[in-house]
Every structure is written in structure tokens, then in C-alpha cells.
Amino acid sequence: MRGFKFTLAAALVCAGAASADIVAPADVVFTDGVAVAASLTGAAGNPAEGAKIVGSKKLGNCVACHAVSALADIPFHGEVGPMLDGVGDRWTEAELRGILVNSKNMFEGTVMPAYYKVDGFNRPGNAYTGKPAEGPLDPLLSAQQIEDVIAFLASLKE
Amino acid sequence: MKMKAATAALIALMAAPAMVAAGADDDTLIINEEITMTTKAPAPAHLSDALDEVMSGWHFRSDGTQAMQMDDFDNPGMIGVEAGLEAWNTAEGSEGKSCASCHGDAESMAGIKAVYPKYNAEAGEVRTLQMQMNACRTERMGAEAWKYDKGDAINMEALLASVSRGMPVNVAIDGPAAATWEMGKELYYTRTGQLDLSCASCHEQNYGNMIRADHLSQGQINGFPVYRLKNTKLNGVHSRFKGCVRDTRAATYKPGSAEFVALELYVASRGNGLSVEGPSVRN
């Protein structure tokens, strides 16, 4: 019993150490109020995964509002936001990270959701059930997913 | 490989003009070759800061969906109207009365839908049409109230809308209705949920734009109840509001709640000048 408890405690410490590199939503540091210089995971993301997240209705669903020529095989791109072709030329990675974490810093009053923000919402729900959220919110995308999306966006050059 | 890229580029090119042209169309809505609907009107004065013109959701639907609303034989919502007419003439409750016992023909209700929600002085509240129907049922017929936005209530609302078709929406927003209207306006512009969007984010700032596969309209309610091809039934205003609020990842309000009553009055007033169109057909 004692031994088991000890192992459990050690395992928890290890998990803590592994996630210590991940910047929590509350700890994200903005430079000039709009950009986030450091990777949220401490590492570069995977652009292929990022492409999936941008196109997937269940994940980022960015194409609900943005058209992306690189994802032309996915049907129905929206036109609420600007086309994302060439965003890798228009913005630095730090700026793209800032836009994803909380777009309202870069674009005041924008309709684009903040993907790495967990508080300050009015009547937050439990995902799309229409019921009130239970407990703390998860960000819309994880740190890893944000980095993957940034890697994909950075590759969108004219 | 090269070929594929070229095809993708071509598809993108072809998709672009279609998207640009995707605003409201210029078609005319005439029902049964008889009633010409006002589906575009100058924005009412209270809205003139935000919009120049108000438009029925009909203009944002495909030709096929539009056509279904142009003839009562093709409009599946008319089945609800028929059921409503049967209920109109059926005595219910402890008083042994039907709607017809007090009001006569359903046609005598022409013009009523156009002015609801409306302030009721005796009750001291703004009432939706469904609240008024239920007041008649419980107070005059001795019958049970119908559940908000459920089949019986929606069918009756569809009947009352149908006899007002073509008449201009004209809800009062001043006097005793003003406080409720202000509350509704506040709700319309308040962002909700983790997506942090208000009604205005989609239906004022972005109508005419595609949001994924959906063509955003102004979110007008002159066409309610609405037969939706998606769920193959007539839908009430509050149920639609609930769905839209849910889609912002928010905790919704309930159909029949004070919040949705206020929001209904406000959204109805954004369509003052458009024809009553219900039951309409949407996707």
C-alpha cells in the first residue's frame, strides 16, 4: 500500500514536469499587446496536423469563416473572415500565435473566437449542448494544436 | 500532380465568383400567384444606424427552397396550418368552447400576427402570440396551456400567420413595450458563449456571407413559424433563437423565457415593414 502511494506520487510529479513546458492560457505573455513570441509547447508544430485542424469541423473549423486554397478538397469554405492564402507572408509566427490565442488583441471587436482563452465569457456553455459549462473551460484548441495550426499558417505563402 | 494543382486552382477560381454573388437575390415572392410579399423594405427608423434595408430570409435560400414557399400545395408548413384550423374549431376544456366560439372564423384574426409580440395592459406584460393563445386556453376555455413552441402551439401560430400573409409586420416598440424592447435589444447585441458572438455578429455584420455551408441571412422572423427541411417540421422563433445561442457555445435561455420574449419583440421590430410570411420554408 505504502509503496503504491509512493509510486503514484512520483508519477504525478513526472506528469507535472512534462506539462511544465506548456504555457497555460493564463500565463501567455503578449509582446506589444498582440504577438506571442514563445511556442506554447516549447517546440515547433506539425503543419500537416495543423491543416487537419484548420479544416475540421470538430477542431478549429477555421474554414467556417476563412477560405484556404491549400484545403480546396474540403467543401464549403466561409467568407466571414479574409482568405488565409498568403498569411505566412503577412504575419510573423509570433503575430499568428497572438491572433490565435486571442484575436481581439490584434483586431478589436472581431467576430473571430479566441482559441486559447478560458475565462471572461458570458454564459459559457458545456460545448454545444446549450447547457451551462461544468467546471473550468478548456481552450478551444490545445497548446499543441495551436502550434500545429501556426506551422500550417506559416507555410501559406503567395 | 501538376494536373491536380491546376484543377484545384480552377475550382478555387470558379468558387470565388459564386461566393461574391452570394448576397440576397432579387427574386419576387408571390404566393399562389396571388399574394405579393414585401420581402425587402427600408429599415425601420430605430434601425437606420445599423441597416439601410431589411430583407426576408427567403432571399438567402436556394431557388428550390424558395419555390416551395410560392405555392401552398408545395409548402409542407401548410399541413400545420390545417391542423391549426382543426384545433381552432375544436371545443376543449371545462367551458366547452373552441377558439371559434369566441372569435368566429380564423380569418377574423387577419392582422393579429403582424402586431405580436404586443403589450397586454390587463396582464401588464408583453405577450407573444403563444402566450396570448395560452391565456385564452387557460382563462376562457378552462383548457391546459400548450407547451411553448411544441406542435399544437406552433400549428396554431402557423394558422394565425397564414391569415395575415402579405400584411406588414408592425410591432409597437414604444410606450409600455419600451422596457421589454430595450431588454431585447441588449440581448441582441450581447456576445455569448466561448465563441463570444452576438446575434449581430452573424445577422447584422455578416448577412449575405457564407459561414461554412450556411448562407447567413438577417435572421428575420417575419417568416415564422418556419418549416425547415433540415428537421422536417415547423419551428418556432424561440427554438431558433435557442439553436443560434447554443451555437456560440453558450448556456441558452429557454423557449418562453422572459429573455426570449423580449428578444422576439426586438427581432420582430427589426422586420417592421416586411410582410408576414409564415409558414415559410427554409433549409
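The analysis underlying the following values was restricted to heavy atoms, covering all of them including side chains, and did not include hydrogens, waters or symmetry mates. Each chain gets a letter, A, B and so on, in the order the sequences are listed, and its residues count up from 1.
- Counting heavy-atom pairs under 4.5 Å between each of B/L216, B/V245, B/D214, B/D247 and chain A puts B/D247 at the top.
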Under the side chain to side chain contact (heavy atoms under 4.5 Å, CB included) rule, what do A/Y128 and B/L195 come out as? Steps first, then yes or no, please. CA-CA 11 Å; A/Y128 292 105; B/L195 301 190; 3.6 Å; yes
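- Under a cutoff of 6.0 Å and an axis angle of 45°, B/R249 and A/F121 do not form a cation-pi pair.
- Interface residues of residues 33-60 of chain A toward chain B, defined by a heavy-atom distance below 4.5 Å and sorted by number: A/G55, A/S56, A/K57.
- Counting heavy-atom pairs under 4.5 Å between each of A/L140, A/D73, A/N126, A/L137 and chain B puts A/L140 at the top.
- Around the CD atom of B/E186, the shell of radius 6.0 Å holds no more than 12 heavy atoms that belong to other residues, nucleotides or ligands.
- The contact between B/L197 and chain A is made entirely by side chain atoms (from C-beta outward), counting heavy-atom distances below 4.5 Å.
- The two residues A/R123 and B/T252 make their nearest non-hydrogen contact at NH2-O, 3.1 Å.
- Nearest heavy atoms, B/M210 versus A/H77: CB-O, 4.5 Å.
- Proximity to chain B (any heavy atom under 4.5 Å) is restricted, for A/D138, to the backbone atoms N, CA, C and O.
- By the 6.0 Å contact criterion, CG on B/D52 is open, its count of non-hydrogen atoms from other residues, nucleotides or ligands being 12 or less.
- Contact annotation for A/L71: neither backbone nor side-chain heavy atoms come within less than 4.5 Å of a heavy atom of chain B.
- From A/C65, atom SG reaches atom CG of B/N206 across 7.5 Å, with rounding to the nearest 0.5 Å.
- Atom CZ of B/R240 has 12 or fewer heavy atoms from other residues, nucleotides or ligands within 6.0 Å.
- Closest non-hydrogen pair, B/R246 versus A/T129, comes out as CG-C, 4.0 Å.
- With chain B as partner, the option from A/P113, A/A133, A/G130, A/P139 having the largest number of non-hydrogen pairs under 4.5 angstrom is A/G130.
- Smallest separation of non-hydrogen atoms from A/T110 and B/R191: O-NH1, 2.9 Å.
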Decide salt bridge (charged side-chain N to carboxylate O under 4.0 Å, His left out) for B/D196 and A/K104; before the verdict, give the C-alpha distance in whole Å, the side-chain angles of both, and the deciding distance to 0.1 Å. CA-CA 11 Å; B/D196 208 22; A/K104 287 185 181 83; 2.9 Å; yes
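- Heavy-atom contacts from other residues, nucleotides or ligands closer than 6.0 Å to NZ of B/K242 number 12 or fewer.
- The closest side-chain donor-acceptor pair between A/N61 and B/R212 falls under 3.5 angstrom.
- Counting heavy-atom neighbours within 6.0 Å of A/F76 CZ, excluding the residue itself, gives a total of 12 or less.
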